[in-house]
Asks: 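Have a look at this one.
Here, residue 1 is the first one in the sequence, and each next residue gets the next number.
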Amino acid sequence: MFVTFEGIEGTGKTTQIARLRDHLESRGREVFLTREPGGSRVGRELRQMLLHVNNSDLTAITELFLYLADRAQHVAQVVRPQLEAGRVVLCDRFADSTIVYQGFGRGLDIDMLRQLNEVAVDGVWPDLTIVLDLDPEVGLERATRRNSEDGKAMAEGRFEAEHLSFHRRIREGYLTWAALNRDRIKVADASSGSDEVFGRVRALIESHLPGLA
Ligand code: T5A
């Protein structure tokens, strides 16, 4: 099983994915947790390039190819082997981030992005994708506070530095994309406390992947 989490910055993806891993492991599942960008050795170097605030001069196309390179390497070296080994793979962001950020956010052609994603994922698509939905002002506040507490404001703050209107487009983009892919992508309200949000995540897993939880 391959499950991905999506959403704007600070919606609680990292928090919820860790909770889901603990929950599944307590039920005897072998779980592998990973993320994009940065789920492979080379990907960790790409992540630094992609997220550092100093790289605000990346063109939209350069940014796109770096994310696709990260994904192709991640799928080949990490996601596919882990799935083949029988593990449940939980991934913090995947191909839908490219559609939403580079497509709805940067304005690149969605059909082109779909085709390039097909090349990068090489047939490895999630069984379920959970979009955590939150007001961008709340998400940005959470993410910015977390980055400054972790000392990552420079190293990982390039997207947090985008204008609020960009983040609003991203949120709307996720909702639009989820509506176009109803079978695979489910939306969970992420505006309440972590326990309540996890209750929603569990309910989605239980109803859409009943064999898993
Ligand atoms: N990107 C990525 C693209 O443009 N294209 C692509 O193809 C891909 C793959 C990645 C960036 O790259 C872009 C999108 C992103 O901008 P990232 O550092 O991986 O950047 O950042 P995010 O995935 O956005 O993750 P964040 O770490 O910013 O946010 P999370 O993981 O959603 O949130 P989390 O769990 O770290 O929580 C943030 C803070 O809020 C608290 C947490 O304790 C933490 O302090 N929190 C809550 N507070 C109150 N109530 C709750 N329910 C809370 N849940 C968590």
Side-chain angles (χ1 to χ4, degrees), residues 2-15 17-18 21 32-85 87 89-110 112-126 129 131-132 139-140 143-144 146-148 150-163 166-167 169-170 173-174 177:
F2 182 25
V3 180
T4 61
F5 279 70
E6 296 280 354
I8 60 161
E9 347 295 304
T11 48
K13 297 177 293 298
T14 310
T15 305
I17 214 167
R21 178 201 46 207
F32 187 84
L33 202 158
T34 187
R35 69 172 175 182
E36 288 193 359
S40 66
R41 184 188 63 77
V42 165
R44 283 185 277 284
E45 294 186 24
L46 293 171
R47 181 179 175 93
Q48 288 178 13
M49 274 183 233
L50 280 161
L51 301 188
H52 201 286
V53 285
N54 285 354
N55 292 338
S56 58
D57 60 343
L58 283 180
T59 73
I61 294 289
T62 307
E63 177 184 89
L64 166 66
F65 280 108
L66 290 175
Y67 278 114
L68 291 167
D70 172 71
R71 183 159 307 125
Q73 187 76 0
H74 184 217
V75 168
Q77 289 202 326
V78 178
V79 179
R80 190 193 299 281
Q82 291 294 335
L83 290 169
E84 284 175 357
R87 301 202 175 89
V89 176
L90 304 179
C91 188
D92 192 338
R93 298 192 179 278
F94 194 63
D96 300 301
S97 281
T98 297
I99 300 285
V100 174
Y101 280 78
Q102 280 62 58
F104 291 92
R106 302 283 191 227
L108 298 181
D109 181 73
I110 304 277
M112 171 186 75
L113 298 177
R114 288 169 71 138
Q115 288 175 36
L116 291 171
N117 259 339
E118 291 288 353
V119 177
V121 309
D122 194 21
V124 177
W125 282 102
T129 296
V131 171
L132 297 179
L140 278 177
T144 307
R146 193 270 332 277
N147 280 354
S148 68
D150 294 356
K152 288 184 174 168
M154 287 295 284
E156 302 223 333
R158 188 166 71 89
F159 280 85
E160 281 79 358
E162 289 281 349
H163 198 272
F166 176 82
H167 296 282
R169 283 205 301 283
I170 300 299
Y174 271 120
W177 190 240

Asks: Ignoring hydrogens and angles, tell me if any N or O in the side chain of K13 forms a donor-acceptor pair with the backbone of V131 under 3.5 Å.
Replies: no
Asks: Who passes side-chain contact (heavy atoms from CB on, under 4.5 Å) against T14, sequence neighbours left out?
Replies: D92
Asks: Considering all heavy atoms of both residues, which atom of V75 and which atom of V121 are nearest to each other, and what is their separation?
Replies: CG1-O, 3.5 Å
Asks: List in chain and number order the residues that pass side-chain contact (heavy atoms from CB on, under 4.5 Å) with E160, two or more places apart in sequence or in another chain; answer none if no residue qualifies.
Replies: E9, L140, A143, T144, R146, N147
Asks: Does the side chain of R93 come within less than 4.5 Å of T4's, by heavy atoms?
Replies: no
Asks: Side chain of R71, backbone of A120: donor and acceptor closer than 3.5 Å?
Replies: no
Asks: Between F5 and F94, does the ring centre distance come in under 6.0 Å?
Replies: no
Asks: Between L50 and N55, is a side-chain contact (heavy atoms from CB on, under 4.5 Å) present by the stated rule, with each step listed?
Replies: CA-CA 7 Å; L50 280 161; N55 292 338; over 6 Å; no
Asks: Minimum heavy-atom separation for Q77 and S40, please, with both atom names.
Replies: OE1-CB, 4.2 Å
Asks: Would you please test E6 and S97 for side chain to side chain donor-acceptor pair (under 3.5 Å) and show each step?
Replies: CA-CA 7 Å; E6 296 280 354; S97 281; 2.6 Å; yes
Asks: Determine whether the side chains of E36 and H74 contain a donor N or O and an acceptor N or O closer than 3.5 Å.
Replies: yes
Asks: Would the distance check show the side chain of D109 and the main-chain N or O of M112 forming a donor-acceptor pair, the cut-off being under 3.5 Å?
Replies: yes
Asks: Mind checking the CD-CZ spacing from E63 to R106? Nearest 0.5 Å is all I need.
Replies: 4.0 Å
Asks: Could you check T34 against V89 for side-chain contact (heavy atoms from CB on, under 4.5 Å), going step by step and ending with a plain yes or no?
Replies: CA-CA 7 Å; T34 187; V89 176; 4.0 Å; yes
Asks: How far does CG of N54 sit from CE of M49, to the nearest 0.5 angstrom?
Replies: 13.5 Å
Asks: Charged N to carboxylate O under 4.0 angstrom, R47 versus E156?
Replies: yes
Asks: So, taking the atom named CG in L90 and the one named CD in Q82, what distance separates them when rounded to the nearest 0.5 Å?
Replies: 11.0 Å
Asks: Can you name the residues that form a side-chain contact (heavy atoms from CB on, under 4.5 Å) with L113, not counting sequence neighbours?
Replies: L64, T98, I99, Q102, L108
Asks: In Å, rounded to the nearest 0.5 Å, how long is the span from CG of L132 to CD1 of I17?
Replies: 9.0 Å
Asks: At their closest point, which heavy atom of C91 faces which heavy atom of F2, and how far apart are they?
Replies: CB-CE1, 3.8 Å
Asks: Verify side-chain contact (heavy atoms from CB on, under 4.5 Å) between L58 and R158, making sure each step is shown before the conclusion.
Replies: CA-CA 11 Å; L58 283 180; R158 188 166 71 89; 3.6 Å; yes
Asks: Locate the shortest heavy-atom distance separating V124 from V79; write the atom from each residue and the value.
Replies: CG1-CG1, 3.8 Å
Asks: Quick one: does any side-chain atom of N117 pair with a main-chain N or O of A95 as donor and acceptor, under 3.5 Å?
Replies: yes
Asks: Looking at Y67, F159, W177, which hits ring-ring contact (aromatic ring centres under 6.0 Å, His included) with Y101?
Replies: F159
Asks: Could you go step by step and tell me if F32 and V78 meet the side-chain contact (heavy atoms from CB on, under 4.5 Å) rule?
Replies: CA-CA 9 Å; F32 187 84; V78 178; 3.4 Å; yes
